[in-house]
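Beneath this line is the structure, given in structure tokens, with notes to follow.
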Amino acid sequence: MPQTGKNESVIKFNYFIASSLINIKYRDGRKNFKLYKGAEKVFYNIDSIANANECVIVEGEMDVLSLHEAGVKNSVSVPNGATLGNNNLDYLDNCIDYFVDKEKIVIAVDNDEAGQALQAELIRRLGAEVCYVADFNDCKDANEYLIKYSKEELADVILKAKPVPLENVTTFRDVEEEVIDFVENGFKPGFQIGLGNFDNIFSTYTGQFITVTGIPSSGKSDWVDQMCIGYNRNYSWKTAYASPENTPTYLHAHKLVRKLWGGMPSKSDVGSERWKNITEHVNDNFYFIDMERYSLDAILKKGAELVKRKGIKCLVIDPYNKVRDLSGNMSDVNMYTMEYLTKIEIFARKYDVLVIIVAHPTKMYKDNNGNIEEPTMYNIKGGGEWYDASYHGLLVHRNYELKTVKVKVLKVKFQNLGENGAEAHFKWESNSGLYEPMPDINEQALPWEG
């Protein structure tokens with residue numbers, strides 16, 4: 001065992017799919033364990049639910065054995081427990097087809113903070129409408145409950161699992177924990193991208209959407225890539241892009257590789273260990289939705305599928321005018337815009353995803369000096385609906401002569417998440433496409449031009 005550096009007496013847990021041995025976990029008496037490196041990650045005992053209408057998900061192999069003892073044989077375990085702050089559910093990606101037809105999924109994970117985070121992610125991925133939650137009361141997990149009580153009482157816990165609260169119906173008890181947390185701690189900090197000057201003026205929650213605007217060729221798409229890379233680095237978020245203008249796809253993928261690489265890879269880099277690691281990371285964390293004809297309903301349907309199958313936390317629509325709502329009211333631009341943004345908000349909240357929409361202004365105006373004025377959200381087609389409906393709004397404005405970029409907060413919904421009108425300034429490095437924060441400057445010291 002690697003933890004002790006010597007041979008140990010162990011229990012061997014065999015991981016099968018369709019009766020084929022996929023992996024083996026070895027566990028000693030002190031709960032040290034190891035899996036075969038590089039083997040596919042799958043649920044333990046997954047074959048038991050192949051033909052079942054219902055199943056139970058637990059957090060350890062011993063919990064599966066405990067439920068088996070209690071007569072509940074259609075249970076599976078995650079292979080590597082729960083980790084607070086970063087639940088990588090690649091095993092769910094590999095086994096998602098086992099769950100798509102289930103009428104009832106009981107989530108019976110550990111009664112601790114990490115286990116509850118895993119529970120929330122499983123509900124998000126599998127769908128609240130089929131999920132039930134088991135309560136082990138004063139025990140941590142199924143195994144502890146079996147030891148303290150009895151197999152009959154453990155079976156009863158699974159039988160009495162409560163359904164996840166219905167969508168669109170909320171009672172105080174459903175949100176009581178959040179209310180208590182708010183009373184005790186106030187607003188939770190928002191998610192940030194890891195660039196200090198921007199993080200000081202803007203952050204966000206999931207379940208919301210951000211509108212990003214700017215004049216043509218100002219770097220809106222490139223800045224959105226920077227945000228998605230930042231969220232991925234900080235929180236392991238996966239992103240799906242619906243980007244009709246960001247084609248061909250291999251060039252967009254190349255942009256992401258450059259940002260992660262920190263420069264422009266050369267011929268000699270192809271095939272290197274670093275190349276393999278970075279390209280594998282892009283492959284596993286960024287997905288490109290390619291369609292002959294993009295429509296909003298089709299994109300949101302594919303986004304929902306990617307939530308379930310890949311666990312995405314961010315969806316990018318770039319640009320808005322190339323992803324049409326074919327069922328929208330085209331004769332009334334304000335109504336069309338509001339219906340469009342309402343669909344996005346419903347999707348974001350249902351799947352706890354951050355949606356970023358790139359929207360071009362319809363017209364550009366020049367000031368008395370001939371410089372193109374910075375657009376606002378009111379310059380987007382649909383005008384005031386964009387400002388009213390968007391949770392947040394950002395302006396991206398590039399000065400090609402000075403190779404600088406300004407990102408300005410046009411709107412932030414909650415005061416604790418940012419500062420309306422605040423700006424962050426960057427140097428843009430063309431080889432890597434990375435943004436380097438600049439010291440605070442003012443408009444007089446830096447003449448922004450179109």
Side-chain angles (χ1 to χ4, degrees), residues 42-46 48-60 63-64 66-67 70 72-84 87-137 139-142 145 154-171 173-178 206-207 238 300-301 303-313 346-353:
V42 298
F43 284 87
Y44 177 68
N45 201 36
I46 191 70
S48 72
I49 70 169
N51 299 309
N53 294 325
E54 302 178 0
C55 69
V56 182
I57 300 177
V58 296
E59 203 174 310
D63 295 322
V64 169
S66 300
L67 289 174
V72 182
K73 299 181 180 180
N74 56 330
S75 65
V76 298
S77 168
V78 303
N80 52 3
T83 304
L84 189 60
N87 275 308
N88 182 3
L89 272 61
D90 49 0
Y91 49 86
L92 182 56
D93 301 347
N94 299 331
C95 299
I96 190 66
D97 289 335
Y98 283 82
F99 297 94
V100 293
D101 61 347
K102 295 294 179 281
E103 298 173 4
K104 180 178 180 180
I105 301 173
V106 177
I107 301 176
V109 294
D110 289 6
N111 188 21
D112 57 19
E113 193 173 358
Q116 295 309 294
L118 173 62
Q119 174 180 291
E121 181 66 4
L122 287 169
I123 292 171
R124 187 180 81 90
R125 296 282 302 273
L126 297 172
E129 66 277 5
V130 297
C131 287
Y132 291 66
V133 177
D135 184 1
F136 294 118
N137 296 318
C139 295
K140 179 175 180 287
D141 54 29
Y145 199 92
L154 176 57
D156 196 49
V157 166
I158 302 302
L159 183 64
K160 293 180 178 178
K162 296 180 179 179
V164 172
L166 292 171
E167 288 187 72
N168 306 321
V169 178
T170 303
T171 67
R173 295 301 174 212
D174 294 333
V175 297
E176 184 174 11
E177 289 186 11
E178 289 88 345
T206 49
K238 298 179 180 181
L300 296 183
K301 182 178 179 181
E305 183 181 344
L306 285 165
V307 168
K308 293 177 181 293
R309 292 186 171 270
K310 299 298 181 181
I312 66 164
K313 288 288 282 187
I346 291 170
F347 170 85
R349 293 176 63 182
K350 178 176 181 178
Y351 295 104
D352 194 29
V353 166

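At least one side-chain heavy atom of L122 sits less than 4.5 Å from a side-chain heavy atom of L89. N111 has its side chain within reach of Q116: a pair of non-hydrogen atoms, C-beta onward, lies under 4.5 Å apart. Side chains of Y145 and L67 form no contact here, defined as non-hydrogen atoms less than 4.5 Å apart.
If you take OH on Y351 and CD1 on I312, they are separated by 10.0 Å, rounding to the nearest 0.5 Å. If you take CD1 on I107 and CG on L126, they are separated by 6.0 Å, rounding to the nearest 0.5 Å. Considering CG of N74 and CG of N51, their distance stands at 11.5 Å, rounded to 0.5 Å. Expressed to the nearest 0.5 Å, how far NZ of K310 lies from CD1 of I96 amounts to 10.0 Å. A distance of 8.0 Å separates CD1 of I57 from CG of L118, quoted to the nearest 0.5 Å. Once rounded to the nearest 0.5 Å, the distance linking NZ of K313 with NZ of K238 reads 12.5 Å.
D97 has no carboxylate O lying under 4.0 Å from a charged side-chain N of K308, or vice versa, which leaves the two without a salt bridge. Remark: D93 engages R125 in a salt bridge, criterion side-chain N to carboxylate O under 4.0 Å.
The residue from V64, D141, N45 that alone fulfils the side-chain contact (heavy atoms from CB on, under 4.5 Å) condition with V58 is V64. Shown are V56, I105, V106; of these, the side-chain contact (heavy atoms from CB on, under 4.5 Å) with Y132 is made only by V106.
D112 meets the side-chain hydrogen bond (donor to acceptor under 3.5 Å, both in side chains) test with no other residue; sequence neighbours excluded.
When atom types are taken as modelled, the side chain of S77 and the backbone of G60 share a donor-acceptor pair closer than 3.5 angstrom. A distance-only check finds a donor-acceptor pair linking the side chain of R124 to the backbone of G311 [under 3.5 Å].
Within 6.0 Å of NZ on K104 lie more than 12 heavy atoms contributed by other residues, nucleotides or ligands. Within a 6.0 Å sphere centred on CD of E176, other residues, nucleotides and ligands contribute more than 12 heavy atoms.
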Tell me, with the steps shown, if D63 and D110 meet side-chain contact (heavy atoms from CB on, under 4.5 Å). CA-CA 10 Å; D63 295 322; D110 289 6; 4.0 Å; yes
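The heavy-atom pair separating L154 from A142 by the smallest distance is CD2-O, 3.9 Å. Here the shortest heavy-atom pairing between I49 and S75 reads CG2-N, 4.4 Å.
F43 and Y91 have perpendicular rings, their planes meeting at more than 60° on a 0 to 90° scale where under 30° would count as parallel.
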